[in-house]
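Mind having a look at this structure? Questions to follow.
Start at 1 and go down the list; that is how both ligands and their atoms are numbered. Nothing here was measured: the structure is a model prediction, and the numbers come from that model.
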Amino acid sequence: MSMSALSTSLGILQLKNPVMLAAGILGISGPVLKRVAKAGAGAVVTKSIGPEPREGYINPSVISLNEFSCLNAVGLSNPGYLEFSKEISVAKQGGVPVIVSIFGAEIEEFCKIAKEMEKNGADALELNLSCPHGGKYGASIGQDSKLTGEIVNAVKSTVRIPIFVKLTPNVTDLIPIAKSAEDNGADAITAINTVRAMSIDIETAMPILSNKYGGLSGPAIKPIAIKHIYDLYKEVEIPLIGVGGIVSWKDAVEFFLAGATALQIGTGLLYLESYMDIFNKITEGILNFLKRKGNIHLEEIIGLSHRL
Ligand SMILES: Cc1cc2nc3c(=O)[nH]c(=O)nc-3n(C[C@H](O)[C@H](O)[C@H](O)COP(=O)(O)O)c2cc1C
């Protein structure tokens, strides 16, 4: 079966393959992003890039809890948007869309960074409104539907490239926030960012992460992400990008059935022995599934669980 069975689009952005790299994982350097693209990712999302260089929190900042979950409070470490901008052209040599994840503390910062990223060749932007440990840059924005709408609106009128809005699951109800993003021009919703969590060392009685709390990712959060994608599919028209705990083609198919149009892989890259092979393995698994179901196109299974 040909790869064309996997083609999909997010606004005006065409993807040959819906399996993308998630923000924050191997996403800070152009050559590494290029390598991820060559390893079979359908698009790459960069580490979240902000207004100025940030070192992030001191270690421990990422811990593996068990085979099902990972806890991180990296603290949005990044070189700042001016320094990062030169990485984009290198990343683009990978031949797939480069989506720059950006964050800021206020509307003007988002717009300034968005403009610069577009100028330097970004194919789309993902607004990170959802870091659970980012202080003034974090989820407090994505927990507020009015502010979310204002930021999306302002960025939308600043750039022409598609805008994805990445939401936090750390809210009572994701729907009004997603709707506000949609009403203000978002081209897609990415769900979910990590789930607020912490871990304590029983011998020292101290929180393990230097920041005390952080965000849970990996297979433990997959059912939470599936539920959000399922709910969002019923309420918004724009495409959904599913992320949270995908490590196999079966996880991927589950997200499509719930309503995702494309996917992102984060922690899966940190865990699997297969490492970067994960993109090809998942893509191959999805293709085999579509073949087994009667040579159907991916589109036919998107949101299928709602129609049965
Ligand atoms: C070490 C690490 C760093 C991350 N950094 C970012 C980031 O900079 N921006 C962002 O939007 N999400 C970030 N995330 C969240 C992931 O993109 C993703 O939403 C989340 O981990 C759930 O997916 P997963 O279970 O496949 O990892 C990070 C996750 C991890 C584990």
Problem set entry | Approximate separation, where rounding is to 0.5 Å, of Leu167 CG and Ile189 CD1 |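 That separation rounds to 5.0 Å.
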Exercise. For ligand 1, is there an N or O atom under 3.5 Å from any N or O atom of Ser101?
Worked result: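 No: no nitrogen or oxygen of Ser101 is under 3.5 Å from one in ligand 1.
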For this session: Working to the nearest 0.5 Å, report the span between CG of Leu21 and CG of Leu263.
Result: 12.5 Å
For this session: Taking Asn17 for its side chain and Gly40 for its backbone only, find out whether a donor-acceptor pair lies under 3.5 Å.
Result: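 Pair found, side chain donor or acceptor close to backbone of Gly40.
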Seminar exercise, completed: Restricting to heavy atoms, the pick from Ile102, Val247, Asn193 nearest atom 15 (C) of ligand 1 would be Asn193
Exercise. How far is atom 7 (C) of ligand 1 from its nearest protein heavy atom, and which residue and atom is that?
Worked result: Ser48 OG, 3.4 Å
For this session: Enter the distance from Lys47:NZ to Asn128:CG here, rounded to the nearest 0.5 Å.
Result: 8.5 Å
For this session: Write out the residue and atom name of the closest protein heavy atom to atom 21 (O) of ligand 1, then the distance separating them to 0.1 Å.
Result: Ser217 CB, 3.2 Å
Seminar exercise, completed: min-distance protein heavy atom vs atom 5 (N) of ligand 1 -> Lys47 NZ, 3.1 Å
For this session: State the CG-CD1 distance between Leu298 and Ile286, to the nearest 0.5 angstrom.
Result: 7.0 Å
For this session: Compute the shortest N/O to N/O distance between Gly245 and ligand 1 and return yes if it is under 3.5 Å, no if not.
Result: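 Yes.
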For this session: Please confirm whether Ile192 comes under 4.0 Å of ligand 1, counting heavy atoms of the residue only.
Result: yes
Exercise. What's the shortest distance from atom 26 (O) of ligand 1 to any protein heavy atom, and which residue and atom give it?
Worked result: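 Residue, atom and distance for the closest contact: Gly266 N, 3.0 Å.
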For this session: Name the closest protein heavy atom to atom 3 (C) of ligand 1, giving the residue it belongs to and the distance to 0.1 Å.
Result: Gly24 O, 3.7 Å
Problem set entry | Closest approach of any protein heavy atom to atom 1 (C) of ligand 1, naming residue and atom |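 Closest protein heavy atom to atom 1 (C) of ligand 1: Asn72 CG, 3.8 Å.
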For this session: Please work out whether the ring planes of Phe289 and Trp249 are parallel, tilted or perpendicular, with thresholds of 30° and 60°.
Result: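 Aromatic pair Phe289/Trp249 classed tilted.
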Problem set entry | Backbone or side-chain N or O of Cys70 under 3.5 Å from ligand 1 N or O |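 N/O-N/O distance under 3.5 Å: no.
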Exercise. In Å, rounded to the nearest 0.5 Å, how long is the span from CZ of Phe84 to CD1 of Ile28?
Worked result: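 Output value for this atom pair is 6.5 Å.
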For this session: Determine the minimum heavy-atom distance between Met117 and Tyr81, stating which atoms define it.
Result: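 Closest heavy-atom pair between Met117 and Tyr81: CE-O, 3.3 Å.
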Exercise. Who's closest to atom 19 (O) of ligand 1 heavy-atom-wise, of Lys222, Gln264, Lys166?
Worked result: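 That would be Lys166.
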For this session: Looking only at protein heavy atoms, identify the closest one to atom 28 (C) of ligand 1 and say how far it is in Å.
Result: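 Going atom by atom, the protein heavy atom closest to atom 28 (C) of ligand 1 ends up being Ala23 O, 3.7 Å.
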For this session: Look only at interatomic distance and state if Thr194 has a nitrogen or oxygen under 3.5 Å from any nitrogen or oxygen of ligand 1.
Result: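 There is no such contact.
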Problem set entry | Gly268 to ligand 1, any heavy atom closer than 4.0 Å |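 The answer is no: ligand 1 sits nowhere under 4.0 Å from a heavy atom of Gly268.
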For this session: Answer yes if the side chains of Ser248 and Asp251 hold a donor-acceptor pair under 3.5 Å, and no otherwise.
Result: yes
Exercise. Roughly how far, to the nearest 0.5 Å, is OG of Ser61 from CG of Asn211?
Worked result: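 So the gap between those two atoms works out to 10.0 Å.
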Exercise. For atom 23 (O) of ligand 1, what's the nearest protein heavy atom and its distance?
Worked result: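 Here the closest protein heavy atom is Val243 CG2, 3.3 Å.
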